[in-house]
Each structure stands twice: as structure tokens, then as C-alpha cells.
**Q** 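Structure in C-alpha cells, see below.
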2 protein chains.
Amino acid sequence: MSETFPTKPEVPRPTMIDVARRAGVGLGTVSRVVNGGHGVRDETAQRVRAAIDELGFQRNEVARALRPGKKSTSLALVLGDLTNPFYATIAKASLEIAGQSGFAVVLGSVDEDPEGEKRAIQELVSRQVAGLMIVPDQGDHAFLEGAGVPVVFVDRPATGIDADIVMVDNEGGGRLATEHLLAQGHERIAIILAPSYYTIGRRLRGFRRAHRAAGIDVDESLVIQLPEGNAEAAEKATHEVMLRPDPPTAIFASTNFLTEGVLRALGELGSELESEPAVVGFDDFRLADMLPTPVTVVASDIAELGRSAARLLLDRASGADTRPPQRIVLPCGLIKRGSGERPPDSAAKRKPR
Amino acid sequence: MSETFPTKPEVPRPTMIDVARRAGVGLGTVSRVVNGGHGVRDETAQRVRAAIDELGFQRNEVARALRPGKKSTSLALVLGDLTNPFYATIAKASLEIAGQSGFAVVLGSVDEDPEGEKRAIQELVSRQVAGLMIVPDQGDHAFLEGAGVPVVFVDRPATGIDADIVMVDNEGGGRLATEHLLAQGHERIAIILAPSYYTIGRRLRGFRRAHRAAGIDVDESLVIQLPEGNAEAAEKATHEVMLRPDPPTAIFASTNFLTEGVLRALGELGSELESEPAVVGFDDFRLADMLPTPVTVVASDIAELGRSAARLLLDRASGADTRPPQRIVLPCGLIKRGSGERPPDSAAKRKPR
């Protein structure tokens, strides 16, 4: 996924540590120099200032990061299953940004367990982190109001609290995928949905809006709500819907793992179908281009989700950003690879027996 | 990868937090009760003791975790690119184990940058973590000797320091892959190697030993050392070796990303080759079974690497394990899926033009 949006290799911004190393002093000395230079020898202070200038630092940036009384240089990141590349990409990107400002990241990984998530968050708050990035589970997050640290939600908003949120345009992405299938003449499009996360609801809304705009009714029996959000559940549901007398000619899978399950089912059904339905997935995934039919996806820059969240949180933690809660929405794009470009006339029909 | 070795869902061990919640008190109160009960009302102490008994805790386990003077309940984990599922799996597993004992994990992710790694480690040590888990980069780690915290290395040992190491049987895995190909009659097997990590060297040693045991000479021109350890480098090298007048009939790719590169090249070459060479990869990866030819791999339980390392480190940090440095080696197994079972007579020859 990280490879989908190649970006220029960023020159890492220098950190406090670079300044200290360059000047051959400790972090504390850098701090004292920036905050007035009390108790630092002139020669040493001179060296620190030279290092700051050479590294192209903004003086106030240093001052902010080293403000006296600042308690913590750790951020916390709470998110789901790290072996899901979606979460791993967010973690990697936010670590990079935090590290550039000399912040460490404490990680809490909790998978679909609101109680566990609450406990993990309280644990992290008690460790006096400077701020929290949270990919929130369902459930009320009002308990965070009194936590006394800035919070940035990632990928989806939380209920019960008004805070910054960085997310992708789920509704736009859902609409884009559906419009692409409709434009090729598909009128029976199934949508496979993970349990009711906010993001999935928005993707479904985009699916419905695209149908409405095209003047085509949604067959509600093709709106398939899974009991669980994993590949196995999607595989089973795809089996069932494709073996109905009136199967869809296209499938929109609403997450990367669901796309995998849909493709598994179609691979197994293979010879039982006259031809395969078109498939579009939400979120890109590694090897999507190497499968027997390369997979068309709607995708966004997941690494940028993590970077934006970390930047915003650092600015909140330092006091540099005092705006009311922001809502940052990243766009989705369509990556055509083949599976989403099958026309309906060649698409799935069950072979007569 | 996490799906390769299904394990029984573990019942999570109760944590200090569970005891505190059950008794309706704070962690500090649990600590005071366990350490003698000074300043705690009898009734409250009674409740805490009941909670400990009900949750099946060993009293000394609680005492150890709450030992007075204990400074930190954080572990640090330093590893490579989190979007490599290999590292993500280690991170996830160690987080789970740490969390069960009430420990948080601070993450440092550094990719092939020994200086950056050193800086990240020093940063983390200065945060007074209770211990370090490190997937070490190349370069001397002697600077850790004086760090004053226990260190467990994961996946590969570090030079310059004698510490615990949890790893997989790289040599055994390399031998297993090679023996599998030799047993099918392959005598020209290429091995694609990432730059000289310890693990890769061991896998190569296994490759050589298997040849020696079979009485077959290794063609040194088929021992291919890549300049970089990514899929692109492996793709390029595979192109080159397969278009030689004397191409190999089998390829052993020494990491998951290299396997991807080999398969990409073979896919592109497709019609230029009379048939494809056999391919065995080291380490399993998601979707390996869904590629046009499902991929045979040598694999080990990567999650168990992370779990073992975290368990060992917690025992070192608590003082429960005072043995000399240990070396824990997990076995590798072969997962046959098709790509590694192509016989040499049907294997790659360049089509006559």
C-alpha cells in the first residue's frame, strides 16, 4: 500500500538531537541556550546557536519543543491489528513524523474490543503522553474529554467527543467505485460490508448516491452486511450470492480484507461460473497487481493519514495550533487494473448443468 | 503470515489492572496491599486479596510486577519497516504479551540505517524503559553494554554484545528449501540473496550444505547477491539470470520481498520462457496461496518470535530470569503450494527464436 503513492524521498527535518549532536552537548544544554542561555558558558552557547543555524532550524521551533515545564516527548497511538497493512502504514508514517520532532510513540493495539481500547487509552494517558492518536473503535469516547491531553482521531470520528479527525473521503470513494461499475453497464452490483463502522456506512452512502444519480434502483438483497469484517466472512457471502439464481454482475468489496475474501470465493467457484463478475475493492493492497486478474481498487494515501495526524497532534501538543477541532479529509482515487473493467455481458452467470 | 500457524486463542493472563478493576481500587492500592498493606483499610485490602485469588494470580507475580522502586512499565521495541508484515507480526505479538503484564511498548522503527538505529536506541534508553527488544541492524552494538537495561535481540544477533537472542533456524530453513528442490531433480538452483544480513548468510549456508550432502556442486554464478534487499532488485536479477543461455531450473528467494520480485519477473518474462522455474521463498506472506501459481515457502512462526522475545524480556526486567544470555531458536517448516513442486524437465528454458 505504501508503494501506491510514490512520494519524493523526504529529507528528514533536523531534530533537537541533531542540534545537540552537532554542538557536542546534551539536550538539556540546547534547551537552556534556547531559553535564554542561563548557566551555559558563552562558548558553548555559541556552538549551539551555530548548530541551530547550520541545520536550518527555526529558533521558535526549537523553543517550542523545549519549552520549560514540558512534561513529555511521547505520543500515544492506539489502533487495530498491526498485521493489517492499513494500520501498519499509519503507524509507520506517524512514527516518522513524531521522530523528526524528537517524539517517541507508545503503541496500543486493540482489535475490535471497545472495553480493551478504553483500558489501553487510560493506561497511556496515565503515562503522561503529550497527545493521543486514536483509530477509534465503536463505543462512546466521552471519557476522553477529561483526559487533559490533545486527541486526534484517525480514519474515523469517535462519538461523545469533539476532536480533530483525519480521514479519507469514504463517501466519495464509494461513489467513485460504483460509478465506475455503472459506467460499464453493470446494473446488478453487490456491495459487501463489514460490520457497521462509520467508514463502511459512508462507503455505502456513496454506493447509493451513485445509483440514484444514474437512475438505477439498488437491489437491497445485494447489500450484504457481514457478521464479521474478515476475509472468511466475505468469502462465504460471495459464495452464497454468486450461486443465487440472479447473481450480481459486479461486486464492490468495502475493505482490503473483504476484497481478499471475495477473490478467494471467485477463485474457488471458478468453473461453476460462466465468467467472473467485475470486482472493485476499497483500499489498495500488496500484490493486488499480481493476482490472476489484477485488482481494481479505490485507494487513498494511507501514509498521509498517519503523517497528517501526527503533524496536527504535535502542533496541538506544543500549543502552536489552537484552532477549534479540525476535520481533514483526504481524497480517493481509482486504480484500474483489470478486475473492475469486466463488462456485464461477459460477467458471471452460473453455468447450466 | 499470522494465519500460517493457527494457534489456540490464548486466554489472556489477568493483569494488575484487572485486579484493580475487580477490587474497584487504583493500581497504587493494589501495590500497597501486595507490599504489606500499609495505609490501606482492612476492608479494602481484603477486597484486593479476593480479586487476586479470584483471578488466579500468583501472589509473587503481583509482588514482582509492583515491586517498590520499580521505575518503568514500558518496554521498547526497535525494528525495521512496519509495512513489512514480518516486522508488523513481531510488533503485534510482543505488544500482546507486554500488555498482558501491564507493560506498554514504545516503538522505534528504523530501516537499514545503523546510525539512526543507534540514536533511536539511546533515545529510548533515556526514557527509562524497563527493557529493549531490538531487531538489530548491522553495526556494532557494544554501546548497549552500559545501557543498564536488559536487551533481547530478535531475529538476529548483534555484534559487540552478548545478550539474549530469539531467532528462527535460518540454516535449517535454507537447507529444507534446497533439499526440497534437489529431491525433485533440480541441479541448477539459483539463490537470490539480500545484502549480507546474518540471517541471509545462514540461509545460504543451508543452501550449500544441502548441495554438499547431495553431492552436487553449487554453480557460483547462481549465487546472486543483490545490492539492495527489495523486490525491485530481485526482479531485475531474476530477469538477468533467466535470460542467460544456461538459466537455472529453480530459484530460492531468501526473503518475502525477494520472492515477490522473483515472481514479478517470471510473470513479465512469461512468454519468453518455455516454462517457469520452480520457486521456493523464505517466509510466508499474505496472498501467497492466491497467486497464479501458489507459492511454496519455508516458514516459521513469526508471531512466536515476538511473543518469546517479550516473555523473556519481561522475565529479565523483573529479575525472575537471571540465567546467562539465552539463544532461543524456532524451527522452520515447508509449506508446499505448487511453485516449488515443478520438476526440472518442465522447467524454464528460453524459447528458441
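All chains are named by letter (A, B, ...) in the order of the sequence lines, taking the proteins before the strands, and each is independently numbered beginning at 1. Reckoned from all heavy atoms, side chains included, excluding hydrogens, waters and symmetry mates.
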**Q** Using a strict 4.0 Å threshold on nitrogen-to-oxygen distance, state whether A:Arg307 and A:Glu304 make a salt bridge.
**A** yes
**Q** Quick one about A:Arg342 and A:Thr293 (side-chain donor to acceptor, distance below 3.5 Å, no hydrogens or angles considered), yes or no?
**A** yes
**Q** State the CD-CD distance between B:Glu235 and B:Glu268, to the nearest 0.5 angstrom.
**A** 4.0 Å
**Q** Looking at A:Ala76, A:Ala93, A:Ala88, A:Ala98, which makes the most heavy-atom pairs under 4.5 Å with chain B?
**A** A:Ala88
**Q** Sort A:Leu107 into side chain, backbone, both or neither according to what part of it lies under 4.5 angstrom from a heavy atom of chain B.
**A** both
**Q** Can a cation-pi geometry be assigned to B:Arg286 and A:Phe285, taking NZ or CZ under 6.0 Å from the six-membered ring centre and within 45° of the ring axis?
**A** no
**Q** What part of A:Leu77 gets closer than 4.5 Å to chain B, counting heavy atoms only: side chain, backbone, both or neither?
**A** neither
